[in-house]
Amino acid sequence: MNLVVVSNRVSRGKPNEPMTGGLAAALLPIVEKSGAIWVGSSGRVRDGNLKEPFAEIEALGAGALAMLDLPAAHYGGYYEGFANSALWPALHSRADLIRASQEDYLSYREVNAFMARALLRFRKADSAFWIQDYHFLALGAELRDLRVTEPIGFFLHTPWPARSVISGVPHHRELVEAMLAYDLIGFQTEEDCENFLAYAQSDLGLVVHDGVIISRYGRTRAAVFPIGIDPQLFAQLATKASTHPDVSRLRRSLNGEKLAIGVDRLDYSKGLINRIKAFDRMWTLHPSLARTVSLLQIATPSRGAIEAYGNLQSEVARLVSDVNGVHGEVDWTPIRYLNKGYGQAVLAGLYRTAQVGVVTPLQDGMNLVAKEYVAAQNPVDPGVLVLSKFAGAANELDTALLVNPHDIDGMARTIAIALSMPLTERRMRWEAMMAKLRGHTIQQWFADFTDALRECQLDKDALAPVIVEPARWPLRSASNSNTARYH
Ligand code: F6P
């Protein structure tokens, strides 16, 4: 199988390159090892002849990276517009933040069509395409329009919300119908997969049976593939990072004080406001914890041109300043707040320095920071993970201290418990989490998805084509949809 992996954001594989999200960090090692070609945005735009996409191509381990300049006229409408102001809020159940114009939607479709044309250049006899994330919901349909018959899989890194929320996205029907051009659609959790199948069955009126949806494209399998990390590699990075200048400086500055760490893109889905309020509450409820623990919050700026992100940045900065003003002392700052990105080589060391990792999103597909924090710990003296029950990672890391990020008092109490947890309990919880991480690595995720995609192709070859005319779409199946889970 000549695999072509597609995502909006890519990584060039430089260890000190700041990572703006889980997807790029996760895909990097599997492209490097598998020999796949990874196609994504160069981060630049270009005017002119959109029929001939321009790509800069470079080697990436055994694979290759192709970075495309996206069409200047449509980039804003696609990225800041439809992808991140309509789809992203809806996918994170923030229907109140959905903003979308017709122009944005058209630009989103144009960029999907542009990417489809660009991919033809990388197509070989036995190619298979694996499309990543909400930026390219319609890319499979565009490829089928160009008569691509090879297997096409799709993986959604974010949650998929309840039917009533996704229905708030303009053109939701058209988009989900376009998604059915994929042979296989992967989700992070059972709940995401069930929400999607429920929409296909109830809103599109399609036949859904055993995780398979029948549409005019034929069969689409929907299944669960929780994404993992390479825990061994991350542990090695963390050990190595202990001598990194930033990590050494941090350790020296602590003077025996304990550290809690949060690392997030500056995004409203990450629950930063509630987290900072929880620390405020903790220092109020337990004044003895002042000077004995501080929070290092790294909040990497993201999507700054979008109003909701600009507002969040001001709100978080104001809140941090208020909390530091109230609880700080002439020689002690309760929250160290950094608005920049760090490479994984440093992050691994920062995670290992912190006795508590706070990962408290209001809603998150998986959240790989939670997994990386665990993998980075010192096995003889591991830290404690405080994890939102609304992160996909909570399904696997169920021996973390799980919290409801809307319950500020509850979070404050839990962080205090984490700080005083005895070593035996910390080790027991950490070992159970490590066993999960070792059982579901990123390599396993890759193998599970690509094996399932191959199976879809075999099924397709074995079965007579299913043609369902659009006029007959409102078919309903009486059976309940059982979703498959692949680990
Ligand atoms: O969660 C989906 C995702 O693609 C993550 O990989 C990453 O956190 C984020 O979205 C990327 O955001 P952006 O590319 O807009 O910075």
Side-chain angles (χ1 to χ4, degrees), residues 5-12 17-31 38-45 67-68 70 75-94 97 104 108 111 115 130-137 139 154-161 185-189 192 225-229 262-272 298-310 312-313 339-344 347 359 361-372 388 390-393 442 445:
V5 178
V6 184
S7 64
N8 177 68
R9 196 174 280 279
V10 294
S11 163
R12 301 179 92 153
E17 170 184 70
M19 288 286 181
T20 39
L23 180 154
L27 291 180
L28 178 65
I30 57 183
V31 170
W38 186 5
V39 185
S41 158
S42 63
R44 289 183 300 267
V45 294
M67 289 164 291
L68 287 178
L70 295 183
Y75 186 78
Y78 149 77
Y79 180 77
E80 270 112 18
F82 201 76
N84 285 314
S85 296
L87 289 172
W88 180 272
L91 293 167
H92 293 82
S93 298
R94 288 297 305 268
L97 293 178
D104 288 350
Y108 178 85
V111 171
M115 182 57 90
W130 187 5
I131 316 301
Q132 312 287 324
D133 237 356
Y134 61 98
H135 307 87
F136 295 120
L137 297 183
L139 181 47
F154 174 84
F155 185 79
L156 184 69
H157 292 256
T158 69
W160 185 273
I185 301 183
F187 294 94
Q188 301 274 29
T189 69
D192 301 330
F225 301 85
I227 196 168
I229 63 166
V263 177
D264 307 82
R265 271 186 319 102
L266 193 39
D267 191 293
Y268 46 79
S269 64
K270 303 294 181 185
L272 288 163
I298 297 175
T300 313
S302 179
R303 307 172 191 169
I306 300 173
E307 196 189 347
Y309 288 79
L312 177 73
Q313 182 152 14
N339 267 168
K340 54 182 156 182
Y342 286 88
Q344 285 197 305
L347 282 178
V359 182
L362 306 179
Q363 202 65 244
D364 217 332
M366 175 56 67
N367 198 306
L368 294 180
V369 168
K371 295 189 171 183
E372 291 170 356
S388 162
F390 302 120
I442 185 73
W445 176 76

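For ligands, and for the atoms within them, numbers begin at 1 and follow the listed sequence.
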Is it true that Arg303 and Asp267 make a salt bridge, defined as a side-chain N closer than 4.0 Å to a carboxylate O?
yes

Ser302 to Leu266 - nearest heavy-atom pair and separation:
CB-O, 4.1 Å

Heavy atoms only: give me the nearest Leu156-Tyr134 pair and the separation to one decimal.
CD1-N, 3.9 Å

Could you say whether the N/O atoms of [X] and ligand 1 ever approach to under 3.5 Å?
X	result
Asn8	no
Ala24	no
Tyr79	yes
Asp133	yes
Thr158	no

Regarding Tyr309 and Asn84, is there a side-chain donor-to-acceptor distance under 3.5 Å anywhere?
no

Classify the contact between Trp88 and ligand 1 as side chain, backbone, both or neither, using a heavy-atom distance cut-off of under 4.0 Å.
side chain

Short version for Gln132: what comes under 4.0 Å of ligand 1, heavy atoms counted, is neither

State the OG1-CZ distance between Thr158 and Phe187, to the nearest 0.5 angstrom.
9.0 Å

What distance separates His157 NE2 from Met366 CE, expressed to the nearest 0.5 Å?
10.5 Å

